[in-house]
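For reference, the structure is listed below as structure tokens.
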Amino acid sequence: MSQRSLFVLSALVAAPCLAAGPDVLAFVNANCLMCHSAAVRSGDVDLEAFKDKQGFVDGRETWERVLTKLKAGEMPPPGIPRPPAAEFDAVVNWLQSEFARQDLAIQPQAGAVPVRRLNRAEYNNTIRDLLGVDLHPADNFPQDNAAFGFDNNGDALRVSPVLLDKYLDAAEHVVRTAIFGPEQMKPSMVHYASPVRIQTLPKSFDNYDLTGLSALSSFHVEHRFPVEAEYSFHLVLNGHRPNQSEPAHLGFWVDGVLVHEAYVDATDLEGQTHEFRTRITAGDHLLSASYIKQFDGLPPSYKGPNPSTRPPAPLISTRGAFSEKDLETIRKLGTTIKLDRVETRVDNRFEAIDIGGPFDQVTKPAPENLRRIFICKPASKDDMVCARTIIANFATRAFRRPATRAEVDPFLNMVTLARKQGDSFEEGIASALEAVLVAPPFLFRMEKDRPATPGHTSVPVGDYELASRLSYFLWSTMPDAELLRVAAAGQLHVPVVLNAQVRRMLKDPRSNGLVENFGGQWLQLKNVDVVKPDPERFPEFDESLRQSMRKETELFFGNIIREDRSVLDFLNADYTFMNERLARFYGIPNVAGPEFRKVDMSATTRGGGLLAQSSVLTVSSYATRTSPVLRGKWVLENILNAPPPPPPPNVPALDDTKIGASMTIKQQMEAHRGNPVCASCHAKMDPLGFGLENLNAIGEWRDVDGKFPVDSSGALPDGRAFHGPVELKKILRTTPDAFVQSLTEKMLTYALGRGIERSDRPVLTAIERKMESDDYRCSDLILGIVDSVPFQTREGKLVDKGAVRP
Amino acid sequence: MNFVTRKQMSRRTLLRGAGTAIALPLLDAMFPALSRAATPARRLSVVYVPNGIIMKDWTPAATGQGFEFTRILKPLEPFREDITIVSGLASRASLAVPGGGDHAKATGSFLSGVAPKRTVGADVHAGVTFDQIAAKHVADSTRVPSLQLSCEDPRMVGNCDTGFSCAYTNCLSWKDADTPMPPEVNPRSVFERLFGSLDPSLDPATRARRALYRKSILDLTQENTRQLEANLGASDKRKVDEYLSSIRDVEKQISDAEKDTRKIVAPIDKPSGIPFEFADYLKLMYDLQVIAMQSDLTRVTTLLVGREGSVRTYPEIAVPDPHHPLTHHRNNPDFIEKVSKVNVYHTQLFAYYLGKLKATPDGDGSLLDHSSILYGSALSDGNVHSHVNLPLLVAGNAGGHGGGRHLMAPKETPATNLFLTLMNNVGVNEDKVGDSTGRFELAA
């Protein structure tokens with residue numbers, strides 16, 4: 001039912017089928033009260049309590065639930081006779097128009113949001129942009145509390161002495177690194193052990209991954225390098241190569257770029273090592289070790305490509321005593337050859353990597369960081385005029401609005417103090433800047449309390465404040481120079497200027513902040529970092545796959561933003577982004593290299609959209625198997641805007657061992673359908689999950705689960721049937737209302753830093769309508785939020801005493 | 001030490017210690033106790049394991065002395081005289097909350113005896129936990145009022161347990177009814193909290209200067225913030241007040257440290273992060289607790305071996321399946337066996353902790369003699385989410401009650417009765433905590 005029909009209906013004053021409030025109550029009496037009476041209260045819903053029209057206002061939330069259930073076809077439940085369609089539709093229409101009527105009377109309000117502390121991601125990004133050092137100090141801060149699904153909620157973000165202590169430490173660390181250069185570190189060693197993954201020879205040598213990066217023999221690890229320096233890498237190998245093979249060709253890659261190669265000539269690789277050093281920049285990097293062209297150069301009997309041209313290696317006798325010749329061979333080749341057999345295995349792999357360092361690290365501060373801070377050169381060690389200039393400039397940038405003289409003066413005292421103690425001018429500046437970084441106007445997004453009159457309590461925020469709201473919404477960081485310039489000129493509130501800034505910001509790479517932080521929590525992408533699929537069942541899941549699947553979804557989301565595509569692409573799209581690793585995993589040919597590129601998915605069995613992306617499919621599964629319930633729940637929550645109620649206590653789990661062996665997962669879950677208490681929710685959740693069963697617990701396509709072919713037929717709660725993920729997604733895209741509502745609500749929650757209130761309804765409705773009329777463009781959603789009353793205003797302080805306020 | 005480049009070294013404040021160094025005597029029984037009290041201080045430690053325990057493999061058959069150690073308790077047999085098994089206690093507060101969310105209810109109410117409020121918003125509300133009541137009593141005596149540790153990465157975003165905020169499953173300790181205390185997960189951060197990230201080669205003059213700067217920063221900030229507050233609305237003021245009270249706490253820590261003339265040098269190297277193997281990780285957390293208590297940096301610690309609902313896998317003991325779904329075993333013998341193995345694994349590692357405490361001299365005895373350690377879970381049968389007959393044991397002799405017994409509490413005795421006794425054991429003379437109805441006696 002689209003909102004457009006409302007307008008049609010309200011124009012027809014005396015349409016014969018138009019149900020009025022009392023008629024709806026009569027309908028409910030006849031069709032609903034057998035379960036939803038005060039005595040029975042099924043699903044904790046009592047409709048008997050509503051006796052008159054006012055009930056639709058007072059009990060709005062309950063009636064909203066009623067409408068959702070009716071529209072989704074979930075009520076009446078299966079087995080109960082359905083009322084005639086005309087009556088049913090009339091009731092749905094009436095409820096919608098009633099809600100619209102109520103909403104028209106609602107004035108959007110700013111809503112109450114206490115001052116918002118920077119969360120960890122925002123702190124890291126802000127420090128990076130303010131000082132030019134990307135040290136991620138907030139990764140050591142205590143976990144931010146989340147509310148309503150997001151960790152940028154004003155109410156939930158608290159300060160504790162532990163956190164304040166860390167702010168002091170972090171400020172010291174980042175300021176000193178910016179001014180004096182990175183701290184000299186003692187070299188240390190970090191050990192990473194590789195999971196044991198045994199590869200087998202591929203069925204066909206055509207088109208195998210020559211880089212070795214997607215093979216089970218590869219080893220991937222993400223490591224944070226504290227400072228730019230030289231690091232040593234000590235690789236420990238394992239596994240075997242057959243006699244007569246060409247030497248094994250090792251490759252070492254950093255972020256997908258080959259930085260080192262070596263050859264190891266051995267049949268027995270166990271314990272063989274290789275060490276080298278190379279320079280690495282500071283930050284997180286993906287390190288990969290692989291065997292390049294590992295199936296080339298094998299003995300001719302293996303029928304691989306480019307067989308070895310070496311003569312068969314002199315064998316030593318594998319039984320009895322060693323001959324003189326044997327001893328000579330052993331002396332020459334040592335532990336690189338097998339002593340007790342002829343080696344035929346091709347299971348070369350890695351055992352571990354030890355990373356040592358930093359050596360010869362960068363110790364000087366970066367010149368551009370110094371330039372940003374020291375905007376004047378002190379004429380002497382006690383040049384307080386220059387000190388004031390430096391501090392005022394820094395404080396203005398840090399506070400995201402001009403710092404007043406009264407604010408700057410106390411910081412100047414730090415410089416005086418330092419000089420009195422015999423420390424340098426720079427030391428004094430450093431202390432002063434540290435003080436700025438623990439001040440509330442930096443740590444919190446402070447907004448001035450403005451006067452308001454009764455009836456007009458939502459007061460526009462100032463331009464600088466609006467700039468911060470914008471930049472933290474779209475970029476998760478401080479405003480840039482351009483945005484501040486516009487704010488300084490007092491232009492940011494002008495609609496056409498604001499619009500242009502938003503569009504500029506969405507095209508900027510920093511809009512990745514919205515993808516990482518909003519997307520990371522809305523889609524639970526952040527969980528991709530911590531899932532641990534069972535390595536026995538899913539040996540192909542390694543760090544490289546983990547990062548690739550996360551990147552796919554981030555690029556997909558980022559692309560929707562930057563190209564201003566329809567948000568319905570989330571539901572179903574004929575494209576996605578992948579690198580070779582992911583392409584091989586998905587079974588998509590002709591994608592070579594570690595770079596990500598757009599790939600056409602229209603001819604594939606899995607198609608595109610979120611439900612085809614491994615990241616989503618993995619976070620909605622268990623470590624050892626898929627869960628149609630978890631996936632069904634994910635779809636209900638994030639796509640159909642109909643989150644299921646919590647399960648009752650004492651629910652037993654499935655028997656994993658039976659699944660795939662003696663029963664299909666569908667058969668196992670028959671118990672859900674058999675028991676009516678369970679069926680009420682599971683009849684909706686399970687079929688959605690079944691439709692995705694072709695995609696296993698890490699998102700790989702499968703046609704068979706254990707002994708049984710996958711049965712991916714399912715149905716939506718309203719009865720529409722589908723077969724497999726592509727059909728499911730097609731259907732979802734044709735009725736997108738629920739998804740659009742869910743996404744709009746969630747993004748508004750994220751943008752405002754508070755939960756949705758009743759006063760936000762007209763905002764939500766207006767945005768949804770705009771999107772519907774404009775192909776559901778992403779910019780309509782974002783601009784709709786930015787242009788709304790709650791985004792541009794805050795609650796003002798009433799100046800008129802004794803006035804009436806609802 | 002290179003004076004020319006000293007400014008490039010990490011600067012630390014007095015908070016991290018001054019004066020002459022004393023190396024920690026881990027095994028030397030001749031060294032005097034490090035506590036500033038005349039008699040050794042008493043310590044409180046809580047170790048929590050999630051998702052319940054296979055009770056048939058936990059509960060000893062006989063009560064009283066001389067009971068036979070069951071499969072899960074077997075690793076603790078060497079400590080027979082130091083432990084008391086307590087059966088039959090109930091988490092009454094959990095039972096009082098209707099509806100689902102048993103995991104959140106378990107940890108959310110366990111140490112406080114107060115039912116948690118069902119909410120996913122910021123208005124979480126439960127009760128002050130008994131470890132924090134104890135911590136407040138010793139607040140002036142130790143540099144770190146208390147430690148909250150956890151071995152489960154709390155980074156998971158999303159709903160934690162049916163209508164309950166993640167705060168309930170992720171936090172064992174609550175400072176007050178509205179303030180859950182998120183635990184420290186990274187051993188490096190725990191280490192830094194105890195010993196600072198100081199460069200030990202900083203000379204005293206530089207250290208003193210840095211301390212002065214930090215205090216000045218705090219003073220300046222307080223003053224600025226007070227002026228700011230004058231112009232704030234009510235709810236903003238509350239947030240900023242929280243900030244100000246944190247500043248005051250930090251200032252107090254600094255001035256306390258100034259009065260403390262000891263400088264504690266860490267006996268282990270700073271951990272670089274979270275160890276890859278779970279056993280190494282948990283042992284490291286246990287080590288840090290021992291070190292912290294031995295050097296009297298703190299007297300109260302809580303440790304979440306895993307949060308309620310944990311889906312950790314234990315491939316190292318041939319249990320690659322996620323923990324929580326396994327505990328819903330539906331009486332399947334294979335699942336029960338696997339969960340039992342995990343329970344044994346946990347007590348094996350707990351035995352490591354007890355061993356370390358027992359081997360650490362403290363005054364006229366050992367650290368274990370002067371501690372009260374609680375081990376167990378707020379769920380008994382994880383399959384049905386039972387909140388009664390909880391698997392609990394007390395180790396240590398801080399209350400002078402001895403050990404070697406299996407005690408069975410009368411039905412429906414609240415677990416908080418035991419917690420009241422533990423609090424009294426460590427010198428906190430309250431007579432009630434949460435829903436307690438009296439003490440649960442551990443003495444013979």
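We use all heavy atoms of the structure for the numbers below, so side chains are in, but hydrogens, waters and symmetry mates are not. Sequence lines set the chain letters: A, B, ... in the order given, protein chains first and strands last, and positions in each chain run from 1.
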So for B:E223, is it side chain, backbone, both, or neither that comes closer than 4.5 Å to the heavy atoms of chain A? neither

Is a donor on one side and an acceptor on the other found under 3.5 Å between the side chain of B:K239 and the backbone of A:L157? yes

Taking side chain as everything from C-beta outward and backbone as N, CA, C, O, which of these in A:F444 sits under 4.5 Å from a heavy atom of chain B? Side chain, backbone, both or neither. side chain

Could you look at B:N224 and say if it's the side chain, the backbone, both or neither that has a heavy atom under 4.5 Å from chain A? side chain

Contacting region of A:P441 [heavy-atom separation from chain B under 4.5 Å]: side chain

Residue part contacting chain B, namely of A:L163, when any heavy atom lies under 4.5 Å: neither

Pick one of side chain, backbone, both or neither for A:V162, based on which atoms fall under 4.5 Å of a heavy atom in chain B. side chain

Restricting to side chain to side chain donor-acceptor pair (under 3.5 Å), what partner residues turn up for B:T179, sequence neighbours left out? B:D176

Which answer fits B:T221, side chain, backbone, both or neither, if we ask what part of it has an atom under 4.5 Å from a heavy atom of chain A? side chain

B:L218, part contacting chain A, at a heavy-atom distance under 4.5 Å: side chain

Could you look at A:R794 and say if it's the side chain, the backbone, both or neither that has a heavy atom under 4.5 Å from chain B? side chain

Aromatic ring pairing B:H323/B:Y314, orientation class (parallel under 30°, perpendicular over 60°, tilted between): perpendicular

Non-hydrogen atoms of chain A under 4.5 Å away: do they reach the side chain of B:D219, the backbone, both or neither? neither

Less than 4.0 angstrom from a charged side-chain N to a carboxylate O is my criterion; do B:E184 and A:K166 meet it? yes

What residue, out of A:P142, A:P440, A:A439, A:A156, has the most heavy-atom pairs lying under 4.5 Å from chain B? A:P440

Toward chain B, the part of A:A406 with a non-hydrogen atom under 4.5 Å: neither

